[in-house]
Amino acid sequence: MEYNPYRALVNEFKDIAAKLTGVEDLQVIRARAGFGYLSIPLHDLIRSRPNLSSEINEGIRGVKAHYLVDLRFINGFLNANVNLINYGKLVLDSTIGLGPNYGKVPDLRRLNIIVEHTSANPLHPLHIGHCRNMVLGDSLVRLLRFMGHNASARFYLDDTGIQVMYLALGYSKVKELVRRRIESSQKPDHVMWIIYSVTNAIAEVQRITKALEGKGEEEYRELIKERDEWVGVIADWLSRDKELVNTLVESLSSIDVNAEVARMAKAYEDGDEGVKGIVREAVNLVLKGFEETFKLFNVKFDAYDWESEIAIYSGLAKRIIMNLAKAAPGYVEFKDGVYVFRADKAAADLKLWDELKLPKFIPPATLNRSDGTTLYLTRDVAYAVWCLTNCNPDAVIRVIAVEQTHPQAQLRIILKLLGYDASRIVHYAYEMVNLGDAKMSSRRGQAVTIDGLLDDAVKRVKAIASGRGGLNTDDVAYAVAVGAIRYYFVSVSPSKQIVFDWGRVLDMNQNSGPFIQYTYVRAHSILSKANLEPTQYIVPSGLSPEEGNLILMIGEFPEVLLRVSEDLKLENLVSFINRLALEFNTFYEKYPVINAEPGLREFRLALVKAVKIVLENSMGILGIPVLSRM
RNA sequence: GGGCCCGUAGCUCAGCAUGGAUUAGAGCGGCGGCCUCCUAAGCCGUAGGUCGUGGGUUCAAAUCCCACCGGGCCCGCCA
C-alpha cells in the first residue's frame, strides 16, 4: 500500500535513470501521447557527455523494473510505460485500503492555518460576489483539513463601521415590524436589507438637499438628478414592503440621519450601552440570515470575530497607532489629529517587496479620523495582530477581493514594523464577479443574492428531474443545486474575472457539479447492485485503454492533491475530477461490470470502487454534496 | 500618470510556478448518431485555434524576458 502511488512510480524511474546516467533526481515529465507515460529529457546531459547516448542504449537492456515497462531512449528522451498489472494492483490496493484517507500524504508537517473568509458586512444578504469568496474559503478549509492540517474557518465581523449604523438606526425605528416579518418566516437578512438600503437612501437625500443651497444652475441640476436616483431606490423598496418603508421614511424624516449615524458610530466605539444594544441586535439578525445560507451550502465557521470586541473595546487598534508611531517614527506623520502611515516610503526603504509579496506601488495609509474613531485598515491590523498572538498560526489565509491589494499590502508592512511575522498573512485574492450589463449595488438594493441564485438553481434542477423521471425531492434538488453553484465558482481561477452567467451556473451537463454527482451515483449504483465487496481481485493483462487510464488517474490523485494544497489552486482539482468523470463514463458505457465474466468482474468492481473513493474524497474537499441516487 | 491582474476555438475556461517531442486540451453552443442491457444530468462521431501583437533567450516557448495593444481593478479622515 502506498499513500502516493504516482510518486512510487516516479521514484522507480528516477532510480533507473540514475543508474543509467549517474545523475540523481532527474526531472520526470509526462510523456507525450504515443511515447509512454513518463519521460525524462536528457538533452542537456547528452550535450556535455557525447558518449552518454550509447551508454544508455547499452544499459537500458539490462534494466529490471517492477512498475515500469517498455523503456526506450528516443530523441534525447528516456521514455517509459507503466506495467499496469503491478502498478494497477498497487493503485487499487492503496485506494481501497485507505478509502476516505486516500489522497492524504501523511508525512506532511501539520500546520495551524486560519482561513478567514466571506466576512461580509452585516448589512444585507450575501450576493454572488460573496458566494465566490465563501465557496473558495470553505473549499480551502476542507482541502487543508483533508491534508491533515489544523485549519479553522473564521468570519471577521465588521460591526464598527459607519454603514452598520445606518442599519442600526433604521432598525431602531421598526423593530416590531421586523419581528413580525421574521415570525412569518421571512429571511432576516432580506428584511434588514430593506432597512439598510432605505435608511441609507434617506441619508443621501438629506445630504443632497442640504448641498443644494447656493449652487449654480448646472450643479443644481446634477444634484437633483442624483437625489432623484435615491428617491427611486426608496420607491423600488416601497413596492416590496410598503408598511416597512413608509414607517421608516416617516420616523426618519425628522432626524438628521447623517449626524445621528456619526454620533452612533462614536458612541458605539465608546461602548455606549444603549447604542451597543441596538447595533448588536441588528447585526445578529443579519447574521442569523447568513447562517441559514451557510447551512444550505454546508459552510461552517469555527468563529465569528466581532471587530468591536477585538479591535476597539480591547484598545488594540489605538495602541497599534501609538506603537507604530514609536516603532517607526520616520514613517508616521501626524497632522490635525490624524496619523498617516507612509507605506510608500517604508516599502521603498526597507526593501520588503519579496519578503511580503508587495506591489511596487503602495499608497500612504490614513490610520484614524480626526474625531478619534478608527479606520478600517487600523482595525484590520488589530485583527491580524490578535490572530497572530492568540491563535499561533503558521499561516493566516485571508480570502479578500483583489481590489483590496493595497490595504492588505499596507497591513503587512505595518505588521512587520510592529515586529510580527507578516509573511504569515496571505492575501488570497479573487477577482470580482461582474453582472454583465447591470451594475450591482447592495446599498441601492440591486444585487443577485445567493439565496435567489439557489432558488433558481433548485427550480432548474426540479425541471430537469421531472423531465427525465428522476428523483424529485427537495433534498436532492438542493444538493444538486448547491453542487452546481459550488462547482461553478471553484472551477474558475480566482485571478480571473467572472462575468456572471446564469446559463453557465445552472448548466447541469458535463464539467459541472451535477455531472460529478451523477458519475458518483453511477459508480455507487453498480457497487450496491453487485452486492459484493471487491476484496479479492487480480488485475488482468490486456486492459482496455479506458481501464488503464482510470488506473493512472486514480494513482495520480494524491500527487494532484499535494500540488493543489501547496499552490491553493482548487481549479486544478476540479479539472482533474472532471477528467476522471469523463473517463469513467466512457468506461461505463463501453464495458459491463456486474455482467462481466468472472475474474474480470471482480477487477472492474475494484476499479469502480476506487473511482468512487476518489470522487467522494474530491467532492468532500469541494463541498459538492454526495448523493447515492438522483 | 503609477501599480496589480486578465487576454488560449463562436462562448466559458484548463495548461504557464519547475520550458520539452512540428496531433495545444475540456465544456457549452453547431452538425450527425446511440436508451429491450449496471441511472441518457450519459456516450460516440464531426466541424472549429496565427495560444493578443512584435522582438529576445534556448537544442526546444502557450509557458521565461522586454516592448506594445486591448479589457478590468486600485491609488479617500469608505469598507
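Numbered from 1 within each chain, the chains take letters A, B, ... in sequence-line order.
- When distances are taken from the side chain of A/Asn509 to each of B/G3, B/C77, B/G42, the shortest belongs to B/G42.
- Within the 4.0 angstrom heavy-atom criterion, base atoms lie near A/Tyr591.
- With sequence neighbours left out, the side chain to side chain contact (heavy atoms under 4.5 Å, CB included) criterion links A/Ala282 to A/Leu167, A/Tyr171, A/Met192.
- Between A/Lys360 and B/C4 there is a side-chain N or O to OP1 or OP2 distance below 4.0 Å.
- Side-chain contact of A/Glu431 with A/Ser495: a donor-acceptor pair under 3.5 Å is absent, judged by distance alone.
- Regarding contacts with the backbone of B/C13, every side-chain N or O of A/Ser493 stays at 4.0 angstrom or more from both OP1 and OP2.
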Strictly under 3.5 Å: I want the nitrogen or oxygen pairs between protein and nucleotides 30-37 of chain B, one per line.
none

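- Within the 4.0 angstrom heavy-atom criterion, base atoms lie near A/Val480.
- Look at NZ on A/Lys569: it is 7 Å from C1' on B/C16, rounded to the nearest Å.
- Comparing the same atom, P, in B/G52 and in B/C6 gives a spacing of 12 Å after rounding to whole Å.
- Using a 4.0 Å heavy-atom distance criterion, A/Ser628 is classed as a base contact.
- Only A/Glu403, A/His406, A/Pro407, listed by number, bring a heavy atom of residues 400-408 of chain A to less than 4.0 angstrom from any atom of RNA chain B.
- A syn base is found at B/C35: its glycosidic angle is within 90° of 0.
- Residue A/Arg369 places at least one side-chain N or O closer than 4.0 Å to OP1 or OP2 of B/C78.
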With side-chain contact (heavy atoms from CB on, under 4.5 Å) as the test, would you mind laying out the steps for A/Phe515 and A/Asn509 before giving the verdict? CA-CA 6 Å; A/Phe515 174 60; A/Asn509 297 319; over 6 Å; no

Find every protein N or O atom lying less than 3.5 Å from an N or O atom of nucleotides 65-70 of chain B, and list the pairs.
none

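- For the pair A/Ser495 and A/Phe515, both in contact range of RNA chain B, the more 5′-proximal nearest nucleotide belongs to A/Ser495.
- At the heavy-atom level, A/Arg47 lies under 4.0 Å from base atoms of the strands shown.
- Taking the C1' atoms as reference points, B/U8 lies 23 Å from B/U57, given to the whole Å.
- To the nearest whole angstrom, the two P atoms, one in B/G72 and one in B/C13, are 15 Å apart.
- Rounded to a whole Å, the CH2 atom of A/Trp353 is 12 Å from the P atom of B/G3.
- Taking the six-membered ring wherever Trp is involved, the centroid distance between the rings of A/Phe155 and A/Tyr304 falls below 6.0 Å.
- In this structure, the CD1 atom of A/Ile498 is 16 Å from the P atom of B/C73, given to the nearest Å.
- We find that OH of A/Tyr518 is positioned 11 Å from P of B/C38, with the value rounded to whole Å.
- Under 3.5 Å, the side chains of A/Tyr331 and A/Asp349 contain a donor-acceptor pair of N or O atoms.
- Residue-level contact check: A/Ile362 touches neither bases nor backbone, having no heavy atom under 4.0 Å from any strand.
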As a check on the pairing definition, encode RNA chain B in dot-bracket form, counting Watson-Crick and G-U wobble pairs whose two distances are under 3.5 Å, and using | for partners outside this strand. (((((((..((((......[....)))).(((((.......))))).....(((((..]....))))))))))))....

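- More than 12 heavy atoms of other residues, nucleotides or ligands sit less than 6.0 Å from atom CZ of A/Arg49.
- Applying the 4.0 Å criterion to OP1 and OP2 of B/A14, one finds that A/Ser575 has every side-chain N and O outside that range.
- Between A/Tyr196 and A/Gln163, the side chains place a donor N or O and an acceptor N or O closer than 3.5 Å (distance only, hydrogens not considered).
- Of the P atoms belonging to B/G49 and B/C38, the separation is 40 Å, rounded to the nearest Å.
- To the nearest whole angstrom, the two C1' atoms, one in B/A60 and one in B/G70, are 30 Å apart.
- Comparing B/U18 with B/C64, their C1' atoms sit 11 Å apart, to the nearest whole Å.
- When distances run from any side-chain atom of A/Lys529 to the nucleotides B/G20, B/A14, B/U39, the shortest one goes to B/U39.
- For residues 473-486 of chain A, every residue pair satisfying the salt bridge (Lys or Arg N to Asp or Glu O under 4.0 Å) rule, not counting sequence neighbours, is listed here: A/Asp138-A/Arg486, A/Lys462-A/Asp474.
- Using modelled atom types and a 3.5 Å distance limit, the side chains of A/Arg72 and A/Asn79 yield no donor-acceptor pair.
- Across B/A24 and B/C34, the matching C1' atoms stand 30 Å from one another, rounded to whole Å.
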Please list, one pair per line, the donor and acceptor atoms closer than 3.5 Å that link side chains of residues 573-582 of chain A to other protein atoms, with sequence neighbours excluded.
{"unit_1": "A/Ser575", "atom_1": "OG", "unit_2": "A/Asn572", "atom_2": "O", "d": "3.4"}
{"unit_1": "A/Asn578", "atom_1": "OD1", "unit_2": "A/Asn511", "atom_2": "N", "d": "3.1"}

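- The nearest heavy atom of RNA chain B to A/Ile29 and to A/Phe361 marks one nucleotide each, and the one closer to the 5' end goes with A/Phe361.
- A gap of 33 Å separates the C1' atoms of B/C77 and B/G71, to the nearest Å.
- Between A/His43 and A/Phe77, a ring centre-to-centre spacing shorter than 6.0 Å is recorded.
- Contact annotation for A/Leu375: backbone-only contact, meaning every heavy-atom pair under 4.0 Å involves sugar-phosphate atoms and none involves a base.
- A salt bridge (Lys or Arg N to Asp or Glu O under 4.0 Å) check over residues 487-498 of chain A, counting only residues at least two apart or in different chains, returns nothing.
- Checked for salt-bridge contact, A/Asp371 and A/Lys266 miss the test: no charged N lies under 4.0 Å from a carboxylate O.
- Judged as a salt bridge (charged side-chain N to carboxylate O under 4.0 Å, His left out), and not counting sequence neighbours, the contacts of A/Arg7 are A/Glu559.
- Residue A/Asn531 is out of contact with every strand shown, counting any heavy-atom pair closer than 4.0 Å.
- Within 4.0 Å (heavy atoms only), A/Pro359 reaches sugar-phosphate atoms of the nucleic acid but no base atom.
- The distance from atom CZ of A/Phe587 to atom P of B/U39 is 14 Å, rounded to the nearest whole Å.
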Could you write out each protein N or O paired with an N or O of nucleotides 10-12 of chain B at a distance under 3.5 Å?
none

Should A/Val399 and A/Glu116 be marked as a side-chain contact (heavy atoms from CB on, under 4.5 Å) after you check the CA-CA gap, both sets of side-chain angles, and the distance that decides it? CA-CA 6 Å; A/Val399 184; A/Glu116 184 238 308; over 6 Å; no

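- Under the side chain to side chain contact (heavy atoms under 4.5 Å, CB included) criterion, A/Tyr376 pairs with A/Tyr156, A/Asp158, A/Glu307, A/Arg379, A/Asp380, A/Gln404, not counting sequence neighbours.
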Could you pull out the protein-nucleic contacts involving nucleotides 17-19 of chain B (nitrogen or oxygen on both sides, under 3.5 Å)?
{"unit_1": "B/A17", "atom_1": "N6", "unit_2": "A/Arg563", "atom_2": "NE", "d": "3.2"}
{"unit_1": "B/A17", "atom_1": "N6", "unit_2": "A/Arg563", "atom_2": "NH1", "d": "3.1"}

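- A close approach under 4.0 Å does occur between a side-chain nitrogen or oxygen of A/Lys496 and OP1 or OP2 of B/A14.
- Atom CG of A/Leu582 is separated from atom C1' of B/C28 by 13 Å (rounded to the nearest Å).
- Donor-acceptor pairing under 3.5 Å is lacking for the side chains of A/Tyr339 and A/Glu333.
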